[in-house]
Amino acid sequence: MATLSDFKTAEKSWWCPGCGDFGVLAALEKALVQVNANPATTAIIAGIGCSGKIGNYINSYNLHVTHGRTLPAAMGIKLANRTLTVLAVGGDGDAYAIGMGHFMHALRRNINITYLVMDNHVYGLTKGQTSPTSDMGFHTKTSPDGSIDEPVHPLMLAVAGGATFVAQGFSSWQPQLSRLIVQGITHPGFSLINVISPCVTYNRVNTYEWYKKTLVNLDEDPSYKSSQRAQVLARLEESDELVTGLIFQKPSRPYEELITGFSSGPLSEQVGPINQDLWDHILDQFE
Amino acid sequence: MATLSDFKTAEKSWWCPGCGDFGVLAALEKALVQVNANPATTAIIAGIGCSGKIGNYINSYNLHVTHGRTLPAAMGIKLANRTLTVLAVGGDGDAYAIGMGHFMHALRRNINITYLVMDNHVYGLTKGQTSPTSDMGFHTKTSPDGSIDEPVHPLMLAVAGGATFVAQGFSSWQPQLSRLIVQGITHPGFSLINVISPCVTYNRVNTYEWYKKTLVNLDEDPSYKSSQRAQVLARLEESDELVTGLIFQKPSRPYEELITGFSSGPLSEQVGPINQDLWDHILDQFE
Amino acid sequence: MLSWKIGGDQGEGIDSTGDILIHTANRLGYYIYGYKSFSSRIKGGHTNYKMIMANRPISATTQKTDILVALTPQTITLNSQEINGGIIVADQAYSPSLPQGTDAMLVSLALSQMAKEIGSPVMRNMIAAGASAALLGFPLEVIAQYVEKRFQFKAPSIIEANRRALHAGYQAMLQETARLPWLPSLESPHPGERVVMTGNDATCLGALAAGCRIMSGYPITPATDIMESLTKYFPMVGGAVLQMEDELASITCAIGAGFAGARAMTATSGPGLSLMQEAIGLASMTETPVVIVDTQRAGPSTGMPTKSEQSDLLALIYGGHGEGPRIVIAPSSVEETFEDAYEAFNLAEHFQAPVIIATDLSLALWQQSVERKAIDGPHIPIDRGEVYSSSEIGESASFQRYAFTADGISPRTLPGTAAGQFLATGVEHGVEGKVSEDPLNRSRMMDKRFKKIGGIHDLRPPIRHEGLRDAEVALLGIGSVTGINKEARILLEQSGLKTAVVWLRTLSPFPSSQCQDLLAKTRHIVVVEQNATGQISQLLKMANVFDSRYHSLTKYDGVPFFAEDVARFTQNLLTQLEVKH
Amino acid sequence: MLSWKIGGDQGEGIDSTGDILIHTANRLGYYIYGYKSFSSRIKGGHTNYKMIMANRPISATTQKTDILVALTPQTITLNSQEINGGIIVADQAYSPSLPQGTDAMLVSLALSQMAKEIGSPVMRNMIAAGASAALLGFPLEVIAQYVEKRFQFKAPSIIEANRRALHAGYQAMLQETARLPWLPSLESPHPGERVVMTGNDATCLGALAAGCRIMSGYPITPATDIMESLTKYFPMVGGAVLQMEDELASITCAIGAGFAGARAMTATSGPGLSLMQEAIGLASMTETPVVIVDTQRAGPSTGMPTKSEQSDLLALIYGGHGEGPRIVIAPSSVEETFEDAYEAFNLAEHFQAPVIIATDLSLALWQQSVERKAIDGPHIPIDRGEVYSSSEIGESASFQRYAFTADGISPRTLPGTAAGQFLATGVEHGVEGKVSEDPLNRSRMMDKRFKKIGGIHDLRPPIRHEGLRDAEVALLGIGSVTGINKEARILLEQSGLKTAVVWLRTLSPFPSSQCQDLLAKTRHIVVVEQNATGQISQLLKMANVFDSRYHSLTKYDGVPFFAEDVARFTQNLLTQLEVKH
Ligand SMILES: Cc1ncc(C[n+]2csc(CCOP(=O)(O)OP(=O)(O)O)c2C)c(N)n1
Ligand SMILES: Cc1ncc(C[n+]2csc(CCOP(=O)(O)OP(=O)(O)O)c2C)c(N)n1
Ligand code: SF4
Ligand code: SF4
Ligand SMILES: [Mg+2]
Ligand SMILES: [Mg+2]
């Protein structure tokens, strides 16, 4: 069985001291240990951003792709080898700006992968511009008079977009966050975990303190039913998504099991000479 | 005042006889006449697809862009010249597959343009593959055993994504469709009109007859309140979006009016030597 | 050699009629070549389908038409200049007449009438098929058998209607032929075990045989067939075709699958290729195998989606920002397309790099007779490159995925392999894959990546040719143009000019010295290409190959060269050059 | 010439300290050049900032450092080899010592201590600024004034803390200098009206002056500044900066705006540029003006985002599928960046085509002294190209937007113009813009579009040079390399070699004949470029310019050339060539 230290690398972190991403990394490692994952059978696909550097710090098979394209890459990996535990990880810009199209389509496609969005409401690595989740009125280098774009509401979109598992965690709330990641990984389909991961350098509004004051933990609300889509949508709307916990889950059968004739073993092992009879049968069609 | 014939071109249509797109074109022309638009101040931005050929048949300033990019182009045009009536037009693939990211961001940005999606649940121009709105189980060349992708629900997504105006029309129901287009054009912000526009060649399931049987006209339902987001979402969910009419509208102020210091006249007329005092002031910052 | 053409409105079954004739001719032992002219619309608009048949392999269409079947009057107007002393079969329904000056025999048949009588007006094309078969002297049972096989899964009523239409057309023509002053003269066939195939078919079969099991794509003319055909084959072998939301997703999904050890591909045409440029760089940088097919069409932008061109070459090689190794190969026939398709997967895994197969619309879509044994899936070589199992990894603290080696190829591991974990990143990195900005490491990594693919020419002959030994002039090209050059060579040799045909198989890395050596003694070289800016010439210049012996012939109006064009250009050129001397 | 460098951890205010020194030196009448080495991370990681000051214009950084201010011990380790007989100013807090063999005078100051005393440890950099000013003999009031202006909008407490820190550092150093055996010797200044500016600043100012009013972009290093600065300027002139969801949207929005008559632009670096390839083709095909800035960085893929390279050139010209006209220009100095930025909008509207400005990270980010009068916004020429008003359109039934004309430029109309409606499509089209597949029209339209941009060299000298008349050798380059070549020229001339510097301003269409003519008599030409594959050499080859007189010098480790490298290579080369003779 793998331990926490098995998932660590010798690499020194490039994140700013206090960055929320440390907490995400820690919770992820804990969750991986808890689901009994193995570094050699774990694949982590990271996007571009401060968040995307995570692959330098975690010992697993890591693919660090182009900006915004974690989900199609993760899809390819999972389909190529279903025995792997596959996670996509990236920032709010990576996910909901340049990656928005892939995000919406991953929701409907429901492949058995887990998507962790490290959401700091800002572009960190490019030094502080508005991100799709930035609040209205948020001041950045590209919105000196305050952002005028209605923010993206990732949880609501995920539910409306056909998600089968939606959760939100907070980098500071480790036990809940790692529990949610465990739930996401074990969910048999696509799971979105939007993680509030404060940027201490470029976001002085949505700070740890602010979140600790405003976030409501739905996991502790016995009246909340994460299986009831209408109630979920209503709650997300009235709370402005300032909630954590398991937001929505419904029964799910992963996409890869629905593809006609699709092999369930690692495809790498399927490469070899094609069967002569099958070949003849196919060529006959061309006569 | 412009008349219907002012919006027509001499070009012979390349659509198949009976294609739903004829009805969309007709309703659009009528709506343009009704809002007293002028071919010279109307800009239509079309995508790639059978639907995207519309620019060949309507007399206005037409920009036929690359696949999926109507909305950013329309945004540029509207911002460059706010006196224009700007419409983006494209198919369901153009809008909700390759164009999905732009669609979601156009919703939140709320620029005063109107978006007509000619939705036939299939890829027409490429000869019949599944589209994002194809029903589960729909048989196409790329889904011979029936589509296994959860379809995109454009109306629900639009509402969840921050739209200020959402409607759905049907190519066969001309008066309602042109009325909805009129409402969309006059709405001061982004308006989505998803138009059911049957493909008679590649979609033998979602046919005129089928829609006539299944579509419910919400405009005729006095109990339906298009201003109440929660009710709207619930209705969309329970009807599987098989409804027409004004789905949702909320008070809106277009984005272009929110941009600090942004000129409201056509930008083409703003090109001329820059003011010397302003220039000196700016250069002083570099000393 | 004989050419038969059928024309009518798009959506009227022109394609399937052509298909039926072509397969019948093939079964009768003729070599065939099919060619189509079509528009980017679904119904309406004139389209035509041309079949060339001969008792030797044919690799291009011809200018001349011997038999024209005209379903509409427009077909006659548009094509009458191609008919010199040939036969035009027309539908009585529109009271056909020949445009002035047309030297042809007009055979007017009641095609519409017969279709109506059979009870289905849409069967007009099948009647035309039957009539054509009779005119060509094909035995009825051979065409009938093929039609039967083709429609075997249709409703019995449809099968029956087809059969009746075929017979009706056949009989009607037989009555005519009895009266005709002369009949088309056919060569005797050259029987063999042959199949009829397009380049896109060959691409699919190559991928299938090579063990490709993930195809992630997005529809686009003329690549869509590849996705659609693999959708049929993959369920038989456990693979999956994934229709993605766009080309950005398509290529990235394939890269992900390649990273995880699957053989994966995508296929697209120009617009999609442009969208893939960034991700191709990712594959170069992370050294991940991936196969990309670009079925080139006329650009730029949406361009002319149904017209052929070879104008993406520089973009395929140089189109990504920065400098990363890309292997670009170009098949020059349907057989080579099969070969290149399976080889692409070997090259991608051997060199751990993106491999682009550049075809063009003509090569991708037009049918040809191919020897069945040339498409030998079960016996292709498979090279998976250097992949370490756990035991091969060694003792070091972490696996050196990007270790510097003599040939630049660093053994890789696949996810799932114990102790083989590493980071694959598009950011510059050190031997373990971790981000590095060290200048020395950077230079070495850049050198390593380029050195690596340099080895390709040893594995795969980069140039092929015929007739080079004592040729006065060589016609150099790629893709569908090679077929045209071969036909042009026949014409030129007939007129006494010793001619060679040379075709490049590998465009990147460019085989400079091989090219120089091969053509060192050739007096004149004509670079024939279907684009405006002479991209192959440009590549030859960059490779220091192009000199005063080289001449450029380009065409970029969407219509393929005719062999006659190439032959004429070459002859004029040589005449001019002699005058100068 | 004197060079001063400060090093420390990223996020510690290294940049602003450099900025303060540089502006102070500029105000004192020195020409300055600033250079920075930084990583793709926000805090931590070593970074440094170097200022070169002289009484003549300087256009590149130097290898040698005269004064090193070391905020961390690492600064000393990393930079000690650059110090030959110079001064190292260090923080007592870490008990600094010199590595063995370092020939430097160590001045240890209680920087941390003083910062603590002032009550804000983050002010250590300001103390270092004060100390540096004193060491350099800058009057306290000049630096103090600049600091005051710089922080004028900050809270009074911050302003006061800054002032105190500056003074404390200044005084502390004054006490030291009294004891030092010798002090750095400064040239006398060469006063003038100068500003301090980066290439990105100049791009913004050029765009602003040209009337650009829409900038749609997406953040990316090193282009982000452009978007951020225009965000400041545009509200003053009624423009809008739009932060889009990605680069696909950014370029398409700008094209839309250009279609509607606005002057519009986007700015990006490699990865974004790759994503824009498809849309650039749309602009080519629809003949829509748009300006794209590519601030090149080290690729491929994410590459080294904070390192300079000139490796997108072929992608900028040939990277799109199909063949469409693109104008690619490359400024070689900050002044030229301003010029090219405004000219780009003129060219885009004149030629109705996409215009790409290729800069590179070094040119984009490093500050230089520039004569204020060289940045003369209010008096730049403005050419809006041929735009018809309603009355000019004529009588024809519909406006012929793509009419064939002698120079290939067809007058356009802007939406809003009565009777000027037309269809602009990326599909091949006839003169009225409607889709056309006619082969003849196709060829003519392709010819028209390429012919059109051919006129550029008459409007804009494509090559500039200095010292060419009697030069033995010419150094040819673009972008930031030109500045380096100019410094190398000074070194080479000092050693007696007559040297020219030549730089290309227009890369596409390539000025072949101009290049050939200009360099016809030059004996040796060294093509200096910061990339691995010699892309400028490739362009010269394609243009038939490159011959045996040309030699290639490349570098691709992320670090700019030093003038010394270029001079040394050139001298060695000439020696070798002489030996061969
Ligand atoms: C195609 C492309 N465009 C732009 C960039 C520049 N870029 C790097 S990270 C980033 C956004 C970072 O924001 P986010 O995704 O929220 O991540 P964070 O740094 O906040 O964790 C951008 C725009 C890029 N690398 N590639
Ligand atoms: C980048 C790119 N990818 C693919 C295509 C090919 N293509 C043309 S139209 C189309 C989809 C058409 O479907 P839809 O948008 O629903 O329009 P419809 O034809 O059904 O009206 C595709 C994939 C293209 N033109 N460009
Ligand atoms: S800039 Fe923000 S997101 Fe990036 S490492 Fe620093 S704190 Fe974290
Ligand atoms: S294929 Fe379908 S969508 Fe296209 S024109 Fe024909 S009916 Fe209309
Ligand atoms: Mg972020
Ligand atoms: Mg459609």
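Here is how names work: the chains are called A, B, and so on, in the same order as the sequence lines, proteins then strands, and each is numbered from 1. Only this structure's heavy atoms are used, side chains among them; waters, hydrogens and symmetry mates stay out.
- To the nearest 0.5 Å, atoms CD1 (I214(C)) and CG (L79(A)) are separated by 5.0 Å.
- Put simply, of S390(C), A260(C), G416(C), G261(C), the one with the most heavy-atom pairs under 4.5 Å next to chain A is G416(C).
- Here OG1 of T66(A) is found 8.0 Å from CG of L248(C). Values are rounded to the nearest 0.5 Å.
- By the 30° and 60° cut-offs, the orientation of the rings of F422(C) relative to Y61(A) is perpendicular.
- Ion pairing between R108(A) and E245(C) fails under the 4.0 Å rule for side-chain N and carboxylate O.
- Of the N and O atoms on the side chains of H23(C) and E287(A), not one donor lies less than 3.5 Å from an acceptor on the other residue.
- Only the backbone of R194(C) comes within contact range of chain A, with heavy atoms under 4.5 Å apart.
- How far CZ of R109(A) is from SG of C253(C): 8.0 Å, rounded to the nearest 0.5 Å.
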After noting the C-alpha distance and the side-chain angles of I282(A) and M236(C), does the key distance pass the side chain to side chain contact (heavy atoms under 4.5 Å, CB included) rule?
-> CA-CA 10 Å; I282(A) 290 174; M236(C) 308 176 188; 4.1 Å; yes
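- Contact of T413(C) with chain A is made through backbone and side chain together, with heavy-atom distances under 4.5 Å.
- Using a 4.5 Å cut-off between heavy atoms, Q145(C) does not touch chain A at all.
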Which is it for V237(C) and F262(A) under the side chain to side chain contact (heavy atoms under 4.5 Å, CB included) test, yes or no, and what are the steps along the way?
-> CA-CA 8 Å; V237(C) 293; F262(A) 188 41; over 6 Å; no
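- Contact count versus chain A (heavy atoms, under 4.5 Å) is highest, among R384(C), M285(C), H379(C), for R384(C).
- Contact tally against chain A (heavy-atom pairs below 4.5 Å) for V427(C), N26(C), T425(C): the top residue is T425(C).
- Heavy-atom distances place no part of A254(C) under 4.5 Å from chain A, backbone and side chain included.
- Annotation: maximal heavy-atom pairing with chain C below 4.5 Å, among D280(A), L278(A), L63(A), V65(A), occurs at L63(A).
- In this structure, K434(C) and G55(A) approach most closely via the heavy-atom pair CE-O, 4.5 Å.
- Taking the side chain as every heavy atom from C-beta outward, T286(C) and H64(A) never approach each other to under 4.5 Å.
- Heavy-atom distances place no part of F399(C) under 4.5 Å from chain A, backbone and side chain included.
- Salt-bridge check for R372(C) with D284(A): passed, with a basic side-chain N closer than 4.0 Å to an acidic carboxylate O.
- Atom CZ of F259(C) is separated from atom CD1 of I45(A) by 7.5 Å, given to the nearest 0.5 angstrom.
- Comparing A419(C), G211(C), P235(C) by how many heavy-atom pairs each has under 4.5 Å with chain A, the most go to P235(C).
- Contacts of K149(C) with chain A are made by side-chain atoms alone, with heavy-atom separations under 4.5 Å and no backbone atom involved.
- Among N62(A), I44(A), N59(A), the one residue that satisfies the side chain to side chain contact (heavy atoms under 4.5 Å, CB included) test with L423(C) is N62(A).
- With a threshold of 4.5 angstrom between heavy atoms, A264(C) does not approach chain A through any atom at all.
- Residue A40(A) comes nearest to A418(C) through the heavy atom pair CB-CA, 3.5 Å, listed as atom of the first residue, atom of the second, then distance.
- Side chain of W279(A) to backbone of A209(C): no donor-acceptor contact under 3.5 angstrom is found.
- Counting only heavy atoms from C-beta outward, the side chains of L205(C) and F286(A) approach each other to under 4.5 Å.
- For H429(C), no part lies near chain A; criterion is any non-hydrogen pair under 4.5 Å.
- Closest approach of L283(A) to I375(C), counting heavy atoms only: CD1-O, 3.6 Å.
- Residue S216(C) does not touch chain A at all, counting heavy-atom pairs closer than 4.5 Å.
- Under the 4.5 Å side-chain criterion, counting only non-hydrogen atoms from C-beta, M244(C) is in contact with M75(A).
- Atom OG in S268(A) sits 12.0 Å away from atom CZ in R213(C) (nearest 0.5 Å).
- Residue contact with chain C, scored on non-hydrogen atoms closer than 4.5 Å, involves the side chain of E11(A) exclusively.
- Listed options T41(A), I274(A), T260(A), I48(A) were ranked by heavy-atom pairs under 4.5 angstrom with chain C; first place goes to I274(A).
- Interface summary for chain A: among A257(C), A240(C), P378(C), A262(C), the most heavy-atom pairs under 4.5 angstrom belong to P378(C).
- The residue among S250(C), G426(C), P415(C) with the most heavy atom pairs within less than 4.5 Å of chain A is P415(C).
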Any chance you could lay out the side chain to side chain contact (heavy atoms under 4.5 Å, CB included) test for F345(C) and V271(A), step after step, and finish with the verdict?
-> CA-CA 11 Å; F345(C) 291 91; V271(A) 181; over 6 Å; no
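- Proximity to chain C is limited to the side chain of T9(A), based on heavy atoms less than 4.5 angstrom apart.
- For a residue to count as touching a neighbouring chain, one of its non-hydrogen atoms must lie under 4.5 Å from one of that chain's; by this rule T83(A) does not touch chain C.
- For a residue to count as touching a neighbouring chain, one of its non-hydrogen atoms must lie under 4.5 Å from one of that chain's; by this rule L414(C) touches chain A with backbone and side chain alike.
- Contact of I380(C) with chain A is not made at all, since no heavy-atom distance falls under 4.5 Å.
- No other option in P72(A), A73(A), S60(A) has as many heavy-atom pairs under 4.5 Å with chain C as P72(A).
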